[in-house]
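First up is the structure itself, then whatever we jot down about it.
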2 protein chains.
Amino acid sequence: MEQTDTALTQMGQLERVTLGERAYLKLRQLIMSGKLAPNEKLSLRSVAEALGVSIMPVREAVTRLVAEGALSLLPNRAISVPLMTRAKFEELLRIRTEIEGFAAAEAAVHRTSRDLKLILDYDKDFRDAVGKGDSEVDSSLQLNKELHFAVYEAAGSPILVSIIEGLWLKVGPVINLDLRASQRLASGNAETHHARLVEAIINQDGNAARAAVVADIRSSGEFILGSNQLWTNLPEPA
Amino acid sequence: MEQTDTALTQMGQLERVTLGERAYLKLRQLIMSGKLAPNEKLSLRSVAEALGVSIMPVREAVTRLVAEGALSLLPNRAISVPLMTRAKFEELLRIRTEIEGFAAAEAAVHRTSRDLKLILDYDKDFRDAVGKGDSEVDSSLQLNKELHFAVYEAAGSPILVSIIEGLWLKVGPVINLDLRASQRLASGNAETHHARLVEAIINQDGNAARAAVVADIRSSGEFILGSNQLWTNLPEPA
DNA sequence: AGTCGTGATCTGTGATCACATATTAACTCA
DNA sequence: TGAGTTAATATGTGATCACAGATCACGACT
């Protein structure tokens with residue numbers, strides 16, 4: 001079974017992406033970027049038709065997303081984007097500060113120079129996008145996400161990253177729906193927090209990195225808590 | 001829409017458990033309790049036959065478990081219980097101490113008297129089961145789990161609990177497979193840590209609760225790291 | 001008008017079929 | 001005896017069918 005290190009052994013397996021996986025990624029992206037509004041309902045068949053596949057792959061994707069809490073399966077057999085309550089949002093905020101703070105601290109300590117370079121790049125891209133103003137809100141939100149995850153990846157713990165992805169998936173719709181409306185108010189703080197975060201990671205200062213991430217999360221969280229009166233009392237849509 | 005409070009309004013919805021859900025719970029329990037050994041392979045059709053259903057519910061269950069990392073989908077189209085490496089086990093240990101420690105601290109602060117009563121009950125049951133010796137290893141492991149989760153539930157954060165469930169699901173096979181062999185060595189420490197944990201929760205001392213849980217996790221973790229040479233280098237079975 | 005039944009339509013769930021691909025068995029040839 | 005090849009079996013993935021239950025629209029009756 002042993003082989004000399006030929007080109008064959010290095011070729012790497014060509015990835016098999018099933019339709020279910022692609023449907024999952026597509027829906028996931030839609031949800032996380034806020035393209036699907038909370039309480040929006042969707043059906044297997046309509047999504048399947050939109051994606052040009054049968055309902056089977058969609059079933060698989062929806063099953064996963066429901067298991068992760070990114071979609072909700074109402075007792076009436078209806079699939080919907082779960083609507084956020086103030087209490088749940090605050091719960092997520094508490095958990096995120098703890099876990100993402102931990103990840104940032106680990107990242108600061110364990111980062112490689114490669115990690116650092118990536119983080120610096122994303123930070124620069126983010127500042128550029130924000131500088132361009134409202135025309136780049138979508139991409140600046142995207143870059144904000146990529147910067148955060150570049151940091152979390154640097155912690156060298158895939159499991160931790162996947163946990164955080166799950167949290168962002170839950171909080172994604174509200175964050176993006178809200179911040180897209182008025183990005184400017186929050187982005188000013190974001191740049192400050194990001195600067196502190198990057199500096200902490202450069203200095204490999206775990207506590208400072210944690211503090212910066214916590215402040216960033218709290219800042220955007222409080223902004224949304226203050227600006228959005230919608231989901232405070234919204235049991236049912238009109 | 002408003003109704004007087006008649007028997008109809010109190011009846012409560014009768015829960016709808018799909019076959020897929022039941023298959024998921026069954027497999028999940030098997031995995032978490034170590035009944036399925038790491039690297040054990042299983043097929044949709046064989047599981048379906050064992051459960052007396054078609055493969056559809058099994059597909060759904062397996063899909064979820066794979067998404068949670070509790071099962072692994074090999075590139076050869078084979079479903080297997082993922083085998084643990086030393087590095088991954090240590091990674092899980094680090095994450096668990098952080099997250100479960102946080103949950104315990106929150107629990108100590110936010111617990112109600114109802115929560116406390118439940119925790120005390122489970123603690124007593126656990127000590128009883130351990131006292132009965134090796135005949136009760138399975139139930140003492142089960143009670144250990146229930147005690148831990150009674151604590152985590154007391155934090156009042158369902159999302160946090162589900163995250164921890166995911167971690168136990170990943171770490172379950174190894175833990176149970178190993179501890180079942182020689183429960184006695186670890187349980188002595190466990191009782192000590194549990195006692196400290198319970199006391200901290202009584203006193204609503206968050207830091208002490210966190211320290212106790214962290215010590216408990218580290219203790220059992222190091223026991224397994226020391227006793228089990230298996231998965232250090234086990235790329236393939238015979 | 002307001003309420004209740006009734007039919008049509010749409011929903012998720014489960015079973016079955018179809019298929020490309022892996023795994024294994026048997027076999028051939030050296 | 002052993003390597004290479006072929007036939008057979010088993011696998012996950014995807015599509016389609018069947019069905020119970022939910023939703024909605026329309027109409028009848030009070």
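Just so it is clear: chains get the letters A, B, ... in the order the sequence lines come, proteins before strands, and each one is counted from 1. Computed from a predicted model, the values in this text were never measured in an experiment.
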For this session: Take B:Arg77 and B:Lys41, find for each the nucleotide of DNA chain C with the closest heavy atom, and name the residue whose nucleotide sits nearer the 5' end.
Result: B:Arg77
Problem set entry | A:Asp115 vs A:His110, side-chain hydrogen bond (donor to acceptor under 3.5 Å, both in side chains): CA-CA, chis, key distance, verdict | CA-CA 9 Å; A:Asp115 296 328; A:His110 294 117; over 6 Å; no
For this session: Figure out the CZ/P separation between B:Arg22 and C:dT13, and round it to whole Å.
Result: 14 Å
Exercise. What is the minimum heavy-atom distance between A:Val151 and A:Ala107, and which atoms define it?
Worked result: O-CB, 3.1 Å
Exercise. Listed in order of residue number, which residues of residues 44-62 of chain A have a non-hydrogen atom at under 4.0 Å from DNA chain C?
Worked result: A:Leu44, A:Arg45, A:Arg59
Exercise. With sugar-phosphate meaning primed atoms plus P, OP1 and OP2, does A:Leu42 contact a base, only sugar-phosphate, or nothing at under 4.0 Å between heavy atoms?
Worked result: sugar-phosphate
Problem set entry | Shortest non-hydrogen contact between B:Leu44 and B:Val62, atoms and distance | CD2-CG2, 3.9 Å
Problem set entry | Distance in angstrom units between A:Ile79 CD1 and D:dT23 C1', rounded | 15 Å
Exercise. Between atom CZ in B:Arg64 and atom P in C:dT13, what is the gap in whole Å?
Worked result: 11 Å
For this session: With sequence neighbours excluded, tell me which residues meet side chain to side chain contact (heavy atoms under 4.5 Å, CB included) with B:Ser162.
Result: B:Glu165
For this session: Indicate whether OP1 or OP2 belonging to C:dT21 is found under 4.0 Å from a side-chain N or O atom of B:Asn76.
Result: no
Problem set entry | Least distance between heavy atoms, A:Arg22 atom then A:Val17 atom | NH2-O, 4.0 Å
Seminar exercise, completed: Side-chain atoms of B:Ser43 come closest, of C:dT11, C:dA22, D:dT11, to D:dT11
Exercise. Please, which pairs that meet salt bridge (Lys or Arg N to Asp or Glu O under 4.0 Å) have at least one residue in residues 51-75 of chain A, sequence neighbours excluded?
Worked result: A:Glu21-A:Arg64
